[in-house]
Amino acid sequence: KNAMNRLGFLGRRTRRLSLVCALAVAALVATGGAGANAEATPFTGTFAGTISGSTCGPLTICLEGTLAGVATHLGRSTLEKEAVVHIPFAPCAGGIEVSYTQTVTLTAANGDTLELVGDGVGCSGGGSSIGGGDLAVTGGTGRFQDARGSLSERFVHDLSSGGELSELSGTISAAGA
């Protein structure tokens, strides 16, 4: 009977140890491995430049451009943007509401990149479009490989010159950030 009790104890202990190991493996997979930095760190950036666009469908404008600026973890950097803007002709304070989807690549001076995708809304009227949206960090290169995070974007776009000021803020998690 004593040996049976010991076997039952060992069985329960083995099951607990197996559960602890399974949870540890799941945590490693979720954070990208033992070397990945799972800490979310603050990220901010301000960029300015010119965005150009052309009609690419009914009530749709395709935009692209490169902005220059400074961002945490990147220093002097560029922001390359491709966006699809939809014009539903819904009114907003001072103009017409627009919605957009976009892909963004942030490039540091050394060539490391952060890749982002997102969407947002703006209000276009009086010669400018003002708005913002959310961006998800989907990866990158160099020290930003496997980066994740979320950023908010606020922008002011001059409709006649194409000039744009874009501000980003949020958090990123990357092994080298």
Trainee: If you look at every heavy atom in A48 and L165, which pair is closest and at what distance?
Mentor: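 It is CB-CD1, 4.3 Å.
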Trainee: Between L168 and L106, is any pair of side-chain heavy atoms under 4.5 Å apart?
Mentor: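 L168 reaches L106 side chain to side chain.
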Trainee: Would you indicate whether the side-chain heavy atoms of I87 and I61 approach each other to under 4.5 Å?
Mentor: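 Touching, per the 4.5 Å side-chain cut-off.
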Trainee: Nearest 0.5 Å please: distance from the CZ atom of F144 over to the NE2 atom of H73.
Mentor: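 Going from CZ on F144 over to NE2 on H73, the span is 7.0 Å.
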Trainee: Given the rule that I, L, V, M, F, W and Y join up when any side-chain heavy atoms are under 4.5 Å apart, are V156 and I96 in one cluster?
Mentor: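 V156 does not cluster with I96.
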Trainee: Below 4.5 Å, heavy atoms only, C-beta onward: do L114 and V137 meet side chain to side chain?
Mentor: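 They are in contact (side-chain heavy atoms under 4.5 Å apart), so the answer is yes.
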Trainee: Taking the side chain as every heavy atom from C-beta outward, state whether D134 and S152 have any atom pair closer than 4.5 Å.
Mentor: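 Counting from C-beta outward, D134 and S152 do come under 4.5 Å.
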Trainee: Would you check if S169 and T44 make a side-chain contact, meaning some heavy-atom pair closer than 4.5 Å?
Mentor: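 Heavy-atom side-chain distance check passes, below 4.5 Å.
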Trainee: Going by atom types alone, do T105 and E80 pair a side-chain donor with an acceptor below 3.5 Å?
Mentor: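 No, E80 and T105 have no side-chain donor paired with an acceptor closer than 3.5 Å.
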Trainee: Check S77 against A108 and note the closest heavy-atom contact, atom names and distance.
Mentor: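 In this case the closest contact between S77 and A108 is CB-CA, 4.1 Å.
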Trainee: Quick check, are the ring centers of F47 and F155 under 6.0 angstrom apart?
Mentor: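 No, the ring centres sit 6.0 Å or more apart.
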Trainee: Using modelled atom types and a 3.5 Å cut-off, is there a donor and acceptor pairing between side-chain atoms of R148 and backbone atoms of T138?
Mentor: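 Yes: the side chain of R148 pairs with the backbone of T138.
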Trainee: Any heavy-atom pair between the side chains of F43 and L74 that's under 4.5 Å?
Mentor: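 In contact.
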Trainee: Might you work through the side chain to side chain donor-acceptor pair (under 3.5 Å) test for T107 and T113, ending with a clear yes or no?
Mentor: CA-CA 4 Å; T107 305; T113 65; 5.8 Å; no
Trainee: Checking H157 side chain against G122 main chain: does a donor-acceptor pair fall under 3.5 Å?
Mentor: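 Pair absent, no side-chain N/O of H157 close to backbone of G122.
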Trainee: Quick one: does any side-chain atom of T50 pair with a main-chain N or O of G162 as donor and acceptor, under 3.5 Å?
Mentor: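 Not confirmed, T50 side chain does not pair with G162 backbone.
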Trainee: Measure across S124 and C92 and return the closest heavy-atom pair with its distance rounded to 0.1 Å.
Mentor: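 Between these two residues, the closest heavy atoms are N-SG, 4.3 Å.
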Trainee: Can you hop from Y100 to F89 via hydrophobic side chains spaced under 4.5 Å?
Mentor: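 Looking at the clustering, F89 is in the same group as Y100.
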Trainee: Please test V85 against L63 for side-chain contact (heavy atoms from CB on, under 4.5 Å), starting from the C-alpha separation and ending with a verdict.
Mentor: CA-CA 8 Å; V85 179; L63 302 175; 3.6 Å; yes
Trainee: Would you confirm whether S161, through its side chain, and G163, through its main-chain N or O, come within 3.5 Å as a donor-acceptor pair?
Mentor: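 Checked: pair present.
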Trainee: Take S99 and H86 through the test side-chain contact (heavy atoms from CB on, under 4.5 Å) and record every step on the way to the result.
Mentor: CA-CA 5 Å; S99 62; H86 302 281; 3.7 Å; yes
Trainee: Output the rest of the hydrophobic cluster of L159: all Ile, Leu, Val, Met, Phe, Trp and Tyr residues reachable through side-chain heavy-atom contacts under 4.5 Å, sorted by chain and number.
Mentor: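 Same cluster as L159: nobody, lone residue.
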Trainee: Quick one: closest heavy-atom pair of V84 and C62, and the distance?
Mentor: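 That closest heavy-atom pairing would be CG2-SG, 4.2 Å.
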Trainee: For D158, is there any backbone N or O sitting under 3.5 Å from a side-chain donor or acceptor partner on S128?
Mentor: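 No: the side chain of S128 does not pair with the backbone of D158.
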Trainee: Check whether the side chains of E39 and S173 place a donor and an acceptor atom closer than 3.5 Å, and report yes or no.
Mentor: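 No, because no side-chain N or O of E39 sits under 3.5 Å from a partner of the opposite role on S173.
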Trainee: Determine, step by step, whether L135 and Q102 satisfy the side-chain contact (heavy atoms from CB on, under 4.5 Å) criterion, reporting the C-alpha distance in whole Å, the side-chain angles of both residues, the deciding distance to 0.1 Å, and the verdict.
Mentor: CA-CA 9 Å; L135 293 164; Q102 67 180 336; 3.5 Å; yes
Trainee: Do L67 and E164 make a side-chain contact, defined as non-hydrogen atoms from C-beta onward lying under 4.5 Å apart?
Mentor: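 Contact flag for L67/E164 side chains = yes.
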Trainee: Begin with the C-alpha distance, continue with both residues' side-chain angles, and end with the deciding distance and a verdict on side-chain contact (heavy atoms from CB on, under 4.5 Å) for I51 and K81.
Mentor: CA-CA 8 Å; I51 302 290; K81 173 188 288 198; 4.2 Å; yes
Trainee: May I ask you to test the E153-L151 pair for a side-chain heavy-atom distance under 4.5 Å?
Mentor: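 The answer is no; the side chains never approach within 4.5 Å.
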